[in-house]
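Here's the structure, in structure tokens; my notes come after.
As a basis for the values below, the full set of heavy atoms in this structure was taken, side chains included, without hydrogen atoms, waters or symmetry mates. A note on names: the letters A, B, ... follow the listed sequences, proteins ahead of strands, and every chain is numbered from 1.
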Amino acid sequence: MKWKAFLVIGVLLFSVFAAGCVSNSGSTEKTTSATPKEITVQDLVGRTVTVKVPVQRAVILSTSALEIAQLLNASNQVVGITGDAKADAFLSPSLKNKTVVGRMLQVTDWEEVLALKPDLMVDLYLKKFYNVDEFLNKSASYGIPVIMLREDRLNDIPKAVELLGKVFGKEEKASEFEKYFNEQVSEVKKIAEKIPAGERKKVVMIQPIMGKYYVVNGNDVLAQAVRLVGADYMANFTFNGYTPVRVPLDEEKIITQFKNADVVILLTSAVTPYDKVEALKNEMLNDEAWKGIKAVSEGNVIILRADMGRNSFLRWSPRMAVGIWVIGRAIYPNYYPNWEEKAVEFTKKFYPFLS
Amino acid sequence: MRKEAFLLLVFPAVAVFLGIFVGSYPTNPFHLDSLGKIIIWDIRLPRTLMGISAGMALGLGGMVLQAVFRNPLVDTYILGVSSGVALGAAVAVSFLPMAGIAPLALIFGLLAVFTAYSLARVNGRVSTVSLVLAGIIVTSLFSALLALLELLLPSESLSGLVVWLMGSLSNATWETVDYSLPGVVVLAVLLYLLRFRLNVMSLGDEAELLGVNVPLWRGIFIFISALLTVLVISFTGIIGWVGLIVPHTARMLVGPEHSKLIPATVSLGITVMVLADVIVRLLPGDVPVGIITTVVGVPFFAYLLRKTGGGWE
């Protein structure tokens, strides 16, 4: 009888052990072996965050932050991502294969998050997009520190890289990028200063999505890049104190408000492929109403990539180091060099698996 | 009666005038510059004509179903047509971007109505209650499939789909007008020719005593109503409440007899849709016209519900 009891206990113990293994199966990741220490940092929205560094098990909910983690060679310190990361051509297959815990900046499976035992979560502070307070309260209740990034300004990019470099223990790579990014900005500024006042161009950017026209607003990082390269950005909309980054406008409003534009830039998006934007460009160039805009009548309509693809550099992320050159070349082809060389240099340096 | 007839002519005429001459670009009818003329021809005229098409189609679609169901609180969306169109649009965005939104929206809209009608048809008969319940089933199923597809969409396409579904006339071109307006006009004329049949159908099952094949004609009118709706919302997105408020208001003005009700519904439908679009043009940004019709329609619906208790007076 006794041996039967031992057998039952043995089976039970084995089951508990096996269950433990199964529940942790998604979270077995290689981690760096540095000794952890606790530091306090300020995230990009001014919150004070105490975190054990180097972070070994981060759940990152924003694709731009994932691009930063990859740039820092910290991919193996990431354990959880969101589903939209799969579409980001700048992310390596190994990073895309991490456990998916949510979609578009949001956690949809907290159980999965807890199973991953993260020591940090990273997200964007976008209150219009999801319930930031609820997310922060929930993660705090589970004792997971959260770093919030924001995509408001161009100079937030090196700041974000510096911050994540600090928590991932990759300060050296972070400062290499910061130096590179700042060099690009200074070079662009130098060129911009050479552009005579009489040659400053008025620019507007339009992103067509499902037949609607979304004008890039003046507060968007792309509009900041337009000003950086020495042009004037025309759209500046505020509605009851709120300044969106994209403003839907109909054709007549676009023609009326931007009829003096020297350059119209059409942007692709995750849902609008290049050929669809090209079709719109051709339609504009052959349409008498669109020709009410100076840029269209003069043929100055340019298509630039702002999707998740390989040759797209116009998204808030380290790739904007090339993006500013893309915009400069598009607006002032006589002042700015071809950006392709910059793109090759950038990917070789920071995303070698792409080159 | 003459005064009402005069007003029913004047209202849409004024709305169309405003539709042509009001917008963000200054267009003085007595002093038009060349760009103003182009804007009127290329942008405002297609938009206004699409408004005319939408007002006629949605108003008449609602009117027909209200007569067939003998209930003033129904419109074509009760048959699941809007969820069908929404799912068609999402399928187009997710899997067949080159096919375009409108064709798939149209196919799925009609598929939804056909499914609801088939589900409701028991022993060759379609009762009002079974059709409404079948509409709810189809709406739930298509909405669930839509939600599933939305999970797969990237953020830009999801927000784009949400905005598209709110309904707008700002995408109107001569091409979309060519696809929509002639069909709507033909169906409107057909309905006018069938006005006596509609009068009889509004008697309900008693129509059978007059020798009318009620199940057959109910099916025909439901199909016409659905076709009217998809001919518009496949191009514009979903514009709510017009099919509810327009026929009811028309009925209050001219009574339930369809020889008067059909022209009155057409007149008010055009007026409401074109004026709602004029309001949109005067607002900042590109506000979906569906928001304006809903903002106006919801209080009106609440008023109707209080007044009629949900039944036929």
Side-chain angles (χ1 to χ4, degrees), chain A residues 62-63 82-88 102-106 108 126 128-130 207-215 217 237-240 244 246-257 259 267-273 275-276 279 283 287-293 297 306-308 315, chain B residues 22-27 33-47 89-90 92-94 97-98 100-102 150-166 168-173 175-176 235-237 277 280-289:
Chain A
S62 123
T63 53
T82 53
D84 43 335
K86 309 265 182 196
D88 190 331
R103 61 190 294 262
M104 287 184 296
L105 311 177
Q106 297 172 67
T108 51
L126 278 177
K128 288 271 172 187
F129 220 90
Y130 71 107
Q207 195 162 35
I209 295 175
M210 290 186 75
K212 294 265 174 200
Y213 308 115
Y214 292 83
V215 171
N217 206 4
F237 297 95
T238 299
F239 304 104
N240 293 327
R246 296 283 185 281
V247 181
L249 287 183
D250 62 39
E251 186 182 339
E252 187 178 334
K253 283 184 182 129
I254 292 174
I255 293 166
T256 308
Q257 298 195 29
K259 62 181 175 185
L267 300 171
T268 63
S269 75
V271 68
T272 322
D275 50 351
K276 283 217 165 186
E283 184 194 316
D287 183 278
E288 291 305 314
W290 280 115
K291 282 182 188 170
I293 299 174
S297 67
D307 47 68
M308 307 279 272
R315 293 183 82 87
Chain B
V22 175
S24 48
Y25 191 84
T27 43
D33 61 18
S34 58
L35 183 57
K37 283 178 195 164
I38 291 166
I39 281 177
I40 285 175
W41 181 255
D42 277 4
I43 300 173
R44 290 191 199 160
L45 214 48
R47 202 167 161 157
V93 174
S94 309
M98 300 323 289
I101 294 170
E150 283 175 351
L151 285 173
L152 303 173
L153 291 174
S155 55
E156 281 104 334
S157 45
L158 182 63
S159 52
L161 183 66
V162 169
V163 172
W164 187 86
L165 288 177
M166 285 179 192
S168 170
L169 299 178
S170 66
N171 294 349
T173 60
E175 198 185 0
T176 58
F235 300 103
T236 62
D277 188 48
V280 164
R281 292 183 215 171
L282 297 174
L283 294 172
D286 186 9
V287 179
V289 74

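Taking E251(A), K253(A), E288(A) one by one and counting their heavy-atom pairs under 4.5 Å with chain B, the maximum is reached by K253(A).
Expressed to the nearest 0.5 Å, how far CD1 of I39(B) lies from OG1 of T256(A) amounts to 5.0 Å. For the atom pair CD1 (I38(B)) and CH2 (W290(A)), the distance works out to 14.0 Å, reported to the nearest 0.5 Å. The distance from the CG atom of D287(A) to the CD1 atom of I43(B) is 7.0 Å, given to the nearest 0.5 Å.
Side-chain atoms of E252(A) come within 3.5 Å of backbone N or O of Y25(B) as a donor-acceptor pair.
Side-chain contact, K212(A) with S168(B): a donor N or O sits under 3.5 Å from an acceptor N or O.
In this structure, P284(B) and F237(A) have side chains that are not in contact, with every pair of non-hydrogen atoms separated by 4.5 Å or more.
Of the two parts of V280(B), only the backbone, made up of N, CA, C and O, holds a non-hydrogen atom closer than 4.5 Å to a non-hydrogen atom of chain A. Proximity to chain B is absent for every atom of L105(A), based on heavy atoms less than 4.5 angstrom apart. The part of L283(B) that comes within reach of chain A is its backbone (N, CA, C, O), which places non-hydrogen atoms under 4.5 angstrom from that chain. Neither the backbone nor the side chain of K291(A) comes within contact range of chain B, judged by heavy atoms closer than 4.5 Å.
Screening R44(B), R47(B), R281(B) for a salt bridge (charged side-chain N to carboxylate O under 4.0 Å, His left out) involving D250(A) leaves a single residue, R47(B).
Residue D42(B) comes nearest to A289(A) through the heavy atom pair OD2-N, 3.7 Å, listed as atom of the first residue, atom of the second, then distance.
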